[in-house]
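Written below as structure tokens is the structure these notes are about.
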Amino acid sequence: MMRGWPVLMGLVLPLALILASALLVPDDAPRLLGISLANWCLFACAPITAVLLAVCHRRGPPA
Amino acid sequence: MTLAVFLAIMALSLGIALWSRRGHGQQGARAFFTASGQFGAVLFFFLSVGETYSIASMLGFPGGVYAGGDAFVLWFFGYILLACCCLFFLGPWIWRAGRLYGSATIPDFFRDHWNSRALELLVAVTSIILLLPIGTMQFTGLRLVLGGLAPEARPLLLTGAAGLLCFAYVVIAGLRASAFVAVLKDVLMMGSILLVGGLAIADWQAVPTVAQAAAPAVAATPPDMVFAISTILLQAVGFTMIPQNWAFLFSARDPQAIRRAQVAAPLYMLMFPLLMATATYAQGHGIVPAQPDYVFLAVAEVLLHPAATGMVMAAVALSGLVILSSVCLAIGPLVTRNLAPGLSSAGQQRWSRWVVAAFLLLSLLSAEGGGTLMARLNNLFYFGVVQTLPGFIAALLLPRVPVAAVIGGIVVGDGVVLALWLGEVPVGGLNLGVIGLAANIAVLAGVTLLRPRVDGRSVVAAMKAGG
């Protein structure tokens, strides 16, 4: 596997997810609890990032 | 009832600070300021999130949503989330670099790696200037909470009492006290946000929506993407260079503890949708706080029993006090180790108490005076704090970078940011810190090409060679 995969998975992918939540979700999408769909997608990045970092921690080289 | 619960929790926090020093009565300066190598993953996690989520997160985030809409949420949430990733990768290296030289502060590391007193002074002075406004910001938030708790009392007395409590944490056990109080703060903070946010969501349909002219509606303004992306990147990497964050990184028992804590750290951010829902609940249900930043507490007052409101207010106050105590523990050694070197370990701790007292007094008086200057300086925090990053990366990997390149980079980076900021130069929405950082890196690279260091050794090479 590629040597730099932990950086891609634990740093670049979370950044891409954050940007995707802002760029790909339409502005006129419905709101839930007063919060836009784009922001719900943004908030969903947090648990996904935790999982990605956990994979880097378990499968990547030691700290 | 609210006041009684609040005071009981404050007394409990003082008891926890006293308890935290058991078995550690006589600590050296490094252990006092950084609890060097004493914390496992769990305690490190609490200290880490305790340092991240200040009174601004609990009051400022919902206040910003209530007052100005959700355009700032992207960069605010994005940079904190990405900072977890940056700390996951860089944190272990900061820990190792500190262990290599026995550092307690950022200037300690730069001085010892490049054997330069001038670089130590430059990093110490800029760090102190950048940290000063944080005290004012925390006292401003504390003034808001304590004013709501006892409106008839003089604000100066209330914030003075809070300052004394913070001073007590610092004097009792240094960073150990901050870490143990952070556990209480984080438990109460999460409990409060779950309680208030959960009740607001449960009550969403039960109470008919009230049209209130005074309550601003959520603005659906799209974020400025250039500003948002540049701010996320700059502040996420800058987060790793915050002086008090180095202190908590040095407190970890080993690099694995840092990584484990950062894996869990993003989960803590699930509080943000609840905070945002609380702000939109206030807008939809006619709750109009005296100031936007009071909106979370205003909703708590409406939805909770007075005793539970006291707990929420204590959580908010502790979120300010924990950060304040950490900043005190960062500023103390910056003065007593780096500005005035040569003090003994006991002397550093003794003189740090005076420095901390002076810092708290200055911050308190600045907050009482409106804190205009400090609020302006606070805007510069991340612009300035990130300027040590190129030097740190160079120390890790590039043995040919001379000290003149690092000093030149920091001076030019800070100068460019200051000139652009004071001149209000339009930069197309780009975060000014990114421009300063680019100038810093250009100077660092240019000077290195012209006058490379010949006898240098990188931290990574030193680690491989066994120190």
- prompt: Checking side-chain contact (heavy atoms from CB on, under 4.5 Å) for the pair B:F272/A:L42: CA distance, chi angles, key distance, verdict?
  reply: CA-CA 10 Å; B:F272 283 106; A:L42 180 66; over 6 Å; no
Side-chain donor-acceptor pairs under 3.5 Å in residues 54-63 of chain A, sequence neighbours left out?
none

Looking at every non-hydrogen atom in both residues, tell me the closest pair between [X] and [Y] and how far apart they are.
X: B:P266; Y: A:L53; result: CG-CD1, 4.3 Å
X: A:P47; Y: B:L270; result: CD-CD2, 3.9 Å
X: A:N39; Y: B:M276; result: ND2-CE, 3.4 Å

query: With a 4.5 angstrom heavy-atom cut-off, which part of A:V51 approaches chain B: side chain, backbone, both or neither?
result: neither
message: Please identify, among B:A277, B:P273, B:P92, the residue contributing the most non-hydrogen atom pairs under 4.5 Å to chain A.
response: B:P273
message: Do A:R31 and B:D70 make a side-chain contact, defined as non-hydrogen atoms from C-beta onward lying under 4.5 Å apart?
response: yes
statement: Separation between CG (A:L19) and CG (B:L233), nearest 0.5 Å, reads 7.5 Å
message: Measuring from atom CG of A:L15 to atom CD1 of B:I229, what distance do you get when rounded to the nearest 0.5 angstrom?
response: 8.0 Å
Do any side-chain atoms of residues 74-89 of chain B form donor-acceptor pairs under 3.5 angstrom with protein atoms, and if so which ones, sequence neighbours left out?
residue: B:Y79; atom: OH; partner: B:Y382; partner atom: OH; Å: 3.3

- prompt: Would a distance-only check, ignoring hydrogens and angles, find a side-chain to backbone donor-acceptor pair under 3.5 Å from B:T280 to A:L33?
  reply: yes
